[in-house]
Participant: 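Below: one structure in structure tokens.
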Amino acid sequence: MARRTSLPVTFVVPTIAILLVLSMVPTLYAIVIALQNRELSTPDYSWVWLSNFVDLFLDRRFLNAVWVSVKWEIVTVVATMVVAIGHGVLMFEVASPRLRNVYCLLFIIPVLLPRVSAAFVWKFAYHPLYGIATYPYRLLTGGLIFDPLSKPGTALFAVASVDVWQWGLFFAVIVLKLLETLPPQPIEAARLDHAKRWQIHAYVTLPMLKAPLISLMFVKMIESLRSFDLIYVMTRGGPGVATETLDMYAFSQGFIESGKVSYASAMAVLMMIATVITFTMLWKRVQA
Amino acid sequence: MKPGRLIGKAILALAGFLAVFPLLWTALNALKNNVDIITRVPRLVFTPTWANIGYILGRDSVLTGLYNSIVACGSAVLIGVVLGLPAAYAVARYPNRWAGDIQFFVLSLRFLPPVAVAIPLMVIWLQIGLYDTLPALIVTYSLLTISVIMWLAIPAFQSVPKEIEEAAFVDGYGAYSVFWRIALPVAARSLAGAVAFSFVLVWNEFLIALMLSSSNAKTLPIVASELSQQGMNVPWGILNASVVLLSLPPLLFLGVLSGFLNSVFRQKKT
């Protein structure tokens, strides 16, 4: 449709201009603040250039937060993909078309919930004394107490389970839809060769879906960066610093504990650089 | 039936149960008195009470939060529709050499960590005196809604058969009226899904709202999260009721969004 019209310009330019302003102003300003020593308590500030960044690398709590964030990213992405592929394949194999529709509807519900709601729902459920999720444990052990959210070893996994509950089931629906779009001939051929059900999926269907599954993983990696709501409601980064991810630490440095906005901003800038570089590289690779 | 299939069905049934049960349990707890919640053995039979829901709906902070959420999300989605849909149409139908870059730029906005946006914006809004106001929140949320609506609407417009639009041009329609009268109505169903998705996204947003509001502009998620920090006696029933109130609006879109998902994958097949 190569017609001469002003439409592309009038439709695209204002929107992109607004998006550029809305995104670049805060981004550049974040860098500016990170080079100063602003605090919430006073309006005065001076330029300290890179000293916030130097301090960060000497800050053991920051290094811990980096490690927790990396752990969070790996645990949630891997678990989500495993749950999604497992349930997607199961639905494809054993559920009748009507049942599939029911499951698809049910599995979308958790991801629609506000993260705050999901976090509260599971915070109650994990309550050591009155929680519904810890009830089977109390029943089986005759009343022993299990408090997953306040043990350093389990807290991260307990919070991650909520993330997987939301995203894993939702992605299972997408995996099913992807399987349904595949042509039936290769599956039939494998069946005629006496391949077992799991072999068909491991060697035929899932390799055929490699590209969309990688895109799906990419989406999850981006969404996993948004862990703040869950952690803020469920553990506040605790016990100790066991679940303190980078955004949680930046928030508590900037707002709860000391109001060191510049320090928090330096952290945010590092996060931004790391994620933009990583995801740009990954994206180019996915597209290629 | 083979045992493998039976186990598979059992796992699926369990997953289906796990998907909805926690939420149903929360809804049930919202109807309980505190004594029925704080029990070592979960109680299924109890005398229901409307006190928790009544308390929630009677509190000014909750009503203000609800109002703020509706205004902030509604306006941001409206801005997203007005600016995002035309831009998406232009990228989909008049691709030029920047089309790929524009799409990548729109997606890359999603890479930005929310803290990295929220901290500088807080300082900026403080300086121009708009901190803790709805306009500040609306402008910030528009960044989210415009980019998400654009990202999802580009494929929706691309899936409109080109022939229909060509026919309209032959009939003497201009480029703008083709957009208004043909592309928009034909793609309407998918576009509704994209818009609903953007609404759910900002309705559920927490971190930015938390950083950009202190009292006047608090949205519902912030108010709900604060209820848990009141005093030593956690008002479990009230908390559960507030979770239910917060979760209802996104669930209203369940039908639209699952239809959207279906239409996305039906296109891929053909």
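The sequence lines fix the lettering, A, B, ..., with proteins before strands; numbering per chain opens at 1.
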Participant: Taking only residues two or more places apart in sequence or in another chain, which ones pass salt bridge (charged side-chain N to carboxylate O under 4.0 Å, His left out) with A:Arg138?
Facilitator: none

Participant: Measure B:Ile102 against the heavy atoms of chain A and call it side chain, backbone, both or neither at under 4.5 Å.
Facilitator: side chain

Participant: Of all of B:Thr26, B:Leu143, B:Thr140, B:Val115, which one pairs up most often with chain A through heavy atoms under 4.5 Å apart?
Facilitator: B:Leu143

Participant: How about B:Leu239 and A:Phe124: do any of their side-chain heavy atoms sit closer than 4.5 Å?
Facilitator: yes

Participant: Answer with side chain, backbone, both or neither: which region of A:Val121 has an atom nearer than 4.5 Å to a non-hydrogen atom of chain B?
Facilitator: both

Participant: Taking the side chain as every heavy atom from C-beta outward, state whether A:Thr15 and B:Met150 have any pair of such atoms under 4.5 Å apart.
Facilitator: yes

Participant: As an exercise: rank B:Phe104, B:Phe197, B:Trp203 by heavy-atom pairs under 4.5 Å with chain A and give me the winner.
Facilitator: B:Phe104

Participant: Between B:Leu248 and chain A, with a heavy-atom cut-off of 4.5 Å, which part of the residue counts as in contact: side chain, backbone, both or neither?
Facilitator: neither

Participant: Take the angle between the ring planes of B:Phe206 and A:Tyr232 and call it parallel below 30°, perpendicular above 60°, tilted in between.
Facilitator: tilted

Participant: Quick one: which of A:Ile16, A:Asp247, A:Leu129 has the most heavy-atom pairs under 4.5 Å with chain B, could you say?
Facilitator: A:Leu129

Participant: Do A:Leu225 and B:Pro113 touch side chain to side chain, with heavy atoms closer than 4.5 Å?
Facilitator: no

Participant: Side chain, backbone, both or neither: which part of A:Phe228 has a non-hydrogen atom closer than 4.5 Å to chain B?
Facilitator: side chain

Participant: I'd like to know if the side chain of A:Trp122 reaches the main chain of B:Pro22, judged simply by a donor and an acceptor atom lying under 3.5 Å from each other, with no hydrogens or angles considered.
Facilitator: no

Participant: Which residue out of B:Leu261, B:Leu254, B:Leu201 racks up the most heavy-atom pairs below 4.5 Å with chain A?
Facilitator: B:Leu254

Participant: Chain B heavy atoms under 4.5 Å from A:Leu169: which part of the residue, side chain, backbone, both or neither?
Facilitator: side chain

Participant: Minimum heavy-atom separation for B:Leu12 and A:Ala95, please, with both atom names.
Facilitator: CD1-CB, 4.3 Å

Participant: Between B:Ile119 and A:Ala268, which heavy-atom pair has the shortest distance, and what is it?
Facilitator: CD1-CB, 4.4 Å

Participant: Out of A:Asp229, A:Val94, A:Thr280, A:Val261, which one racks up the most heavy-atom pairs below 4.5 Å with chain B?
Facilitator: A:Val94

Participant: Please look at A:Phe279 and chain B and tell me whether the side chain, the backbone, both or neither of the residue comes under 4.5 angstrom of a heavy atom of that chain.
Facilitator: both

Participant: Are the side chains of B:Phe17 and A:Leu106 in contact, using a 4.5 Å heavy-atom criterion?
Facilitator: no

Participant: Measuring from B:Ser108:OG to A:Trp283:CH2, what's the distance to the nearest 0.5 Å?
Facilitator: 10.5 Å

Participant: Identify which one of A:Leu113, A:Leu112, A:Val116 satisfies the side-chain contact (heavy atoms from CB on, under 4.5 Å) criterion when paired with B:Ser247.
Facilitator: A:Leu113

Participant: Please classify the contact between A:Thr278 and chain B as side chain, backbone, both or neither, with a heavy-atom cut-off of under 4.5 Å.
Facilitator: neither

Participant: If we only count heavy atoms from C-beta on, is the A:Leu40 to B:Met122 side-chain gap below 4.5 Å?
Facilitator: yes

Participant: What's the shortest heavy-atom distance between A:Trp165 and B:Ala19, and which atoms?
Facilitator: CZ2-O, 3.3 Å

Participant: Report, as yes or no, whether the 6.0 Å neighbourhood of atom OH on A:Tyr137 holds more than 12 heavy atoms from other residues, nucleotides or ligands.
Facilitator: yes

Participant: Nearest heavy-atom pair of B:Val117 and A:Pro26: which atoms, and what distance?
Facilitator: O-CB, 4.1 Å

Participant: Name the option with the most non-hydrogen atom pairs under 4.5 Å to chain B; the candidates are A:Thr27, A:Leu28, A:Leu7.
Facilitator: A:Leu7

Participant: Answer with side chain, backbone, both or neither: which region of A:Val32 has an atom nearer than 4.5 Å to a non-hydrogen atom of chain B?
Facilitator: neither

Participant: Using non-hydrogen atoms and a 4.5 Å limit, figure out which bit of B:Val82 sits close to chain A: side chain, backbone, both or neither.
Facilitator: neither

Participant: Check each atom of A:Ala125 against the heavy atoms of chain B and say whether the ones under 4.5 Å are side chain, backbone, both or neither.
Facilitator: neither

Participant: Looking at B:Ile37, B:Leu210, B:Ile11, which has the largest count of heavy-atom pairs under 4.5 Å with chain A?
Facilitator: B:Leu210

Participant: Rounded to the nearest 0.5 Å, what's the gap from OG on A:Ser23 to CG on B:Leu144? Could you check?
Facilitator: 11.5 Å

Participant: Where does B:Ala88 contact chain A at under 4.5 Å (heavy atoms): side chain, backbone, both or neither?
Facilitator: neither

Participant: Less than 4.5 Å apart, any side-chain heavy atom of A:Leu20 and any of B:Phe105?
Facilitator: yes

Participant: Against chain B, label A:Leu99 side chain, backbone, both or neither, depending on which of its atoms sit under 4.5 Å from a heavy atom there.
Facilitator: neither

Participant: Counting heavy-atom pairs under 4.5 Å with chain A, which one of B:Pro249, B:Ser147, B:Ala90 comes out on top?
Facilitator: B:Ala90

Participant: Working to the nearest 0.5 Å, report the span between CG of B:Asn29 and CD1 of A:Ile132.
Facilitator: 8.0 Å

Participant: When heavy-atom pairs shorter than 4.5 Å are enumerated against chain A, which of B:Val200, B:Leu207, B:Asn96, B:Leu121 gives the highest number?
Facilitator: B:Leu207

Participant: Given that the side chain runs from C-beta out, which part of A:Thr134 has a heavy atom under 4.5 Å from chain B: side chain, backbone, both or neither?
Facilitator: neither

Participant: For the pair B:Tyr94 (side chain) and A:Val9 (backbone), establish whether a donor and an acceptor sit closer than 3.5 Å, ignoring hydrogens and angles.
Facilitator: no

Participant: With a 4.5 angstrom heavy-atom cut-off, which part of B:Leu85 approaches chain A: side chain, backbone, both or neither?
Facilitator: neither

Participant: Specify the closest pair of heavy atoms between B:Ala175 and A:Thr5, including all atoms of both residues, with the distance to one decimal.
Facilitator: CB-OG1, 3.4 Å

Participant: Kindly say whether the aromatic ring centers of A:Phe11 and B:Tyr176 come within a distance under 6.0 Å.
Facilitator: yes

Participant: Could you have a look at A:Leu246, A:Val89, A:Ile174, A:Val102 and say which one has the most heavy-atom pairs with chain B under 4.5 angstrom?
Facilitator: A:Ile174

Participant: Could you please spell out the steps behind the side-chain contact (heavy atoms from CB on, under 4.5 Å) verdict for B:Phe111 and A:Met272?
Facilitator: CA-CA 8 Å; B:Phe111 305 166; A:Met272 195 159 67; over 6 Å; no

Participant: So does A:Leu105 get a backbone contact from the side chain of B:Ser258, meaning a donor-acceptor N/O pair under 3.5 Å?
Facilitator: no

Participant: Please look at A:Ile222 and chain B and tell me whether the side chain, the backbone, both or neither of the residue comes under 4.5 angstrom of a heavy atom of that chain.
Facilitator: side chain

Participant: Counting heavy-atom pairs under 4.5 Å with chain B, which one of A:Val21, A:Leu22, A:Thr10, A:Ile31 comes out on top?
Facilitator: A:Leu22

Participant: Flag the one option from A:Lys177, A:Arg197, A:Met221 with the top tally of heavy-atom pairs under 4.5 Å to chain B.
Facilitator: A:Lys177

Participant: Identify whether the distance between the nearest side-chain nitrogen and carboxylate oxygen of B:Arg110 and A:Glu223 falls below 4.0 Å.
Facilitator: yes

